[in-house]
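Following: one structure in structure tokens, then a few remarks.
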Amino acid sequence: GVEAQIRALEGQISFSASQVHRLTAVYNQDLLQATGLAEQVAADDARVAELEHQVGGSLAVLRQEAVMSYTGAADSGTAPVATTAASSAVSQEYLRVAVGNVADSLDQLNLEQREVAEAETTVRKEQAARQEALASAGVARDRALSQAAREQTTLDREEQQLAQLQAAA
């Protein structure tokens with residue numbers, strides 16, 4: 001009779017507490033995931049900044065080599081190109097070296113720009129995953145709070161019933 005009802009109420013109370021605990025654990029896990037993703041996004045942002053700095057350096061080298069090849073100044077230890085027709089072979093060799101230097105710098109710049117684009121894509125994906133984890137954590141939190149409120153109402157009612165049953169026993 002009364003003891004069975006008391007045990008049943010205690011079982012319901014225990015079940016309600018476990019539901020709230022489970023929802024809280026889901027919330028905590030989602031929050032942990034969001035925090036980890038935030039740290040990864042910060043690290044990737046730093047990597048993007050580093051790559052952008054490298055791109056800036058490559059652009060500066062490319063500009064310098066372009067100016068040097070345009071003005072005829074040497075950057076590989078060769079003498080400046082003479083302006084007479086007699087130095088045509090030297091001029092052609094210098095031009096070949098200068099164009100090669102510019103092409104190498106341009107290749108390096110293109111490589112670094114691809115790395116920046118890939119890093120930015122990774123950051124965007126991680127930011128989206130973080131937003132999703134935060135949204136999931138928010139939903140889990142709302143569910144846990146809602147469930148806790150329902151369970152508290154049920155608990156209050158069951159405690160009143162339990163007190164009445166104990167008083168009647």
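Residues take their numbers from the sequence shown, with the count starting at 1.
- For the atom pair OG of Ser136 and CD of Gln131, the computed distance is 12.5 Å after rounding to the nearest 0.5 Å.
- The salt bridge (charged side-chain N to carboxylate O under 4.0 Å, His left out) pairs that include a residue from residues 124-144 number zero, where partners must be two or more places apart or lie in different chains.
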Carefully, step by step, assess Glu120 and Val123 under the rule side-chain contact (heavy atoms from CB on, under 4.5 Å). CA-CA 5 Å; Glu120 287 174 339; Val123 167; 5.6 Å; no
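- Residues Glu112 and Val116 form no side-chain contact, since every pair of their non-hydrogen atoms from C-beta on lies 4.5 Å or further apart.
- Taken to the nearest 0.5 Å, the OG1 atom of Thr35 stands 7.0 Å off from the CD atom of Glu39.
- Here the closest non-hydrogen pair linking Leu51 and Glu115 is CD2-OE1, 3.3 Å.
- Under the 4.5 Å side-chain criterion, counting only non-hydrogen atoms from C-beta, Thr153 is not in contact with Arg150.
- Residue pairs that meet the salt bridge (charged side-chain N to carboxylate O under 4.0 Å, His left out) test with at least one member in residues 43-55, sequence neighbours left out, are Arg47-Glu50.
- Distance CD/Gln147 to NE2/His21: 14.0 Å, rounded to 0.5 Å.
- Applying the side chain to side chain contact (heavy atoms under 4.5 Å, CB included) test between Asn28 and each of Leu32, Thr24, Val26 identifies Thr24 as the sole match.
- Between the side chain of Thr122 and the backbone N or O of Glu118, at least one donor-acceptor pair lies under 3.5 Å.
- The cluster map of Ile, Leu, Val, Met, Phe, Trp and Tyr, joined by side-chain heavy atoms under 4.5 Å apart, puts Leu134 and Tyr27 in different clusters.
- Within the structure, the salt bridge (charged side-chain N to carboxylate O under 4.0 Å, His left out) test picks out no pair touching residues 160-169 (sequence neighbours left out).
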